[in-house]
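Reading through the structure tokens given below for one structure.
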Amino acid sequence: MNSIDSLTQVVDTLTNTVNTTAKVSQTESYQWVYWLGGAIAIALVSYGIVRRRSSKYFQLKQKMKSEPVDFNGVINNAFYSQELYDMLKKKCHPDRFSTNPILEEKATKIFALIVENKYNYKALSLLKSRAEKELNITF
Amino acid sequence: MLFENIWNNVLDWFNDRSERNSLVRSFNSAARKAFVLGLAPTMLKASISKGNSEYRHQFSAWMNTGFRIQALSGRSLSKDEMIVIGMVVLHDTALVRQLIALGWDTLEIHDDTGIYGCRWKLIDYANMGGALNEFNR
């Protein structure tokens with residue numbers, strides 16, 4: 001009876017050992033799957049980033065972002081350009097110089113630039129000084 | 001193509017977040033300085049708003065695509081005043097292109113008391129044809 005018991009114990013021990021080994025090897029194989037999945041994901045993301053950087057979409061976007069913006073200029077334009085434009089368009093209108101064809105031609109050119117730079121205070125200020133010189137106007 | 005667009009949107013969202021906030025901060029800082037120094041009669045304040053989904057373009061962000069400028073004048077602005085501020089921004093092509101590149105598609109001008117404001121579709125003022133010509137040169 002004792003010998004049967006001890007034999008059963010040995011068989012049980014062996015079965016447990018085999019099961020544990022099988023579990024360990026199963027876990028290890030799953031680990032490989034996880035590692036492989038992770039590696040594939042990283043490779044895909046890296047490929048996507050590299051491909052994106054070489055795409056025209058990305059390069060155009062970077063170029064658009066890199067253009068410098070003058071916020072002080074924008075704020076000046078918002079408050080002062082309209083007033084200056086209104087003054088210049090009256091003073092430099094070509095019809096005011098219809099008696100002198102040379103001045104009229106100059107005024108036409110300056111007036112076109114004034115209209116083009118309606119919302120640009122800096123450009124309008126330069127045009128103001130140009131008008132003073134070329135059209136002999138005092139503001 | 002669809003996958004590429006989604007991929008670009010995902011990466012842009014991460015990349016552009018800080019740049020968008022930085023642009024808004026720079027604008028607000030310049031406006032505050034101009035107001036404090038007496039160069040500007042009204043303080044302007046930029047913020048990010050929901051935007052208009054009808055104005056979407058290829059560079060649009062997923063959400064919050066509106067660039068809102070509020071004039072803190074303490075009174076409601078007339079439509080002409082709002083249009084002038086809007087036009088000043090829209091005529092600065094570099095600024096418009098930067099706004100577009102950072103995912104904004106709507107420009108909104110508001111005052112601090114009234115309910116109504118004006119809004120524009122940014123892509124119409126970006127002169128994208130010119131930008132593409134410069135880019136391909």
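Below, chain A is the first sequence line, B the second, and so on; all start at residue 1.
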- Would you say the side chain of A:Lys61 lies within less than 4.5 Å of the side chain of B:Asp16, judging by non-hydrogen atoms? yes
Report which part of [X] has an atom under 4.5 Å of a heavy atom belonging to chain A: side chain, backbone, both, or neither.
| X | result |
| --- | --- |
| B:Ile69 | neither |
| B:Thr42 | both |
| B:Ala31 | both |
| B:Asn28 | neither |
| B:Leu44 | side chain |
| B:Glu19 | side chain |

Residues, nucleotides or ligands: over 12 heavy atoms within 6.0 Å of [X] [atom1]:
| X | atom1 | value |
| --- | --- | --- |
| A:Glu105 | CD | no |
| A:Glu83 | CD | no |
| A:Ile102 | CD1 | no |
| B:Met63 | CE | no |
| A:Trp35 | CH2 | no |

Rounded to the nearest 0.5 Å, how far apart are [atom1] of [X] and [atom2] of [Y]?
| X | Y | atom1 | atom2 | answer |
| --- | --- | --- | --- | --- |
| A:Phe79 | B:Leu39 | CZ | CG | 11.0 Å |
| B:Met87 | A:Ser81 | CE | OG | 12.0 Å |
| A:Asn77 | B:Ile85 | CG | CD1 | 12.0 Å |
| B:Asp92 | A:Asp70 | CG | CG | 8.0 Å |
| A:Asn72 | B:Phe27 | CG | CZ | 10.5 Å |

Linked, directly or transitively: [X] and [Y] (ILVMFWY side chains, under 4.5 Å):
| X | Y | result |
| --- | --- | --- |
| A:Leu135 | A:Met87 | yes |
| B:Trp120 | B:Ile48 | yes |
| B:Tyr55 | B:Val89 | no |
| B:Met43 | B:Leu23 | no |
| A:Phe97 | A:Val115 | yes |

Looking only at heavy atoms, which two atoms of [X] and [Y] are closest? And how far apart?
| X | Y | answer |
| --- | --- | --- |
| A:Ile75 | B:Ala34 | CG2-CB, 3.9 Å |
| A:Pro68 | B:Ala94 | O-CB, 3.7 Å |
| B:Val84 | A:Ala78 | CG1-O, 3.9 Å |
| A:Met64 | B:Ala101 | CB-CB, 3.8 Å |

- A:Lys65 side chain to B:Gln98 backbone, donor-acceptor under 3.5 Å: no
- Item | Top contributor to chain A interface from B:Ala40, B:Ala71, B:Gly86 [non-hydrogen pairs under 4.5 Å] | B:Ala40
- Which portion of A:Tyr80 sits near chain B, non-hydrogen atoms under 4.5 angstrom: side chain
- Would you please classify the geometry between the B:His91 ring and the A:Tyr119 ring as parallel, tilted or perpendicular, with 30° and 60° separating the classes? tilted
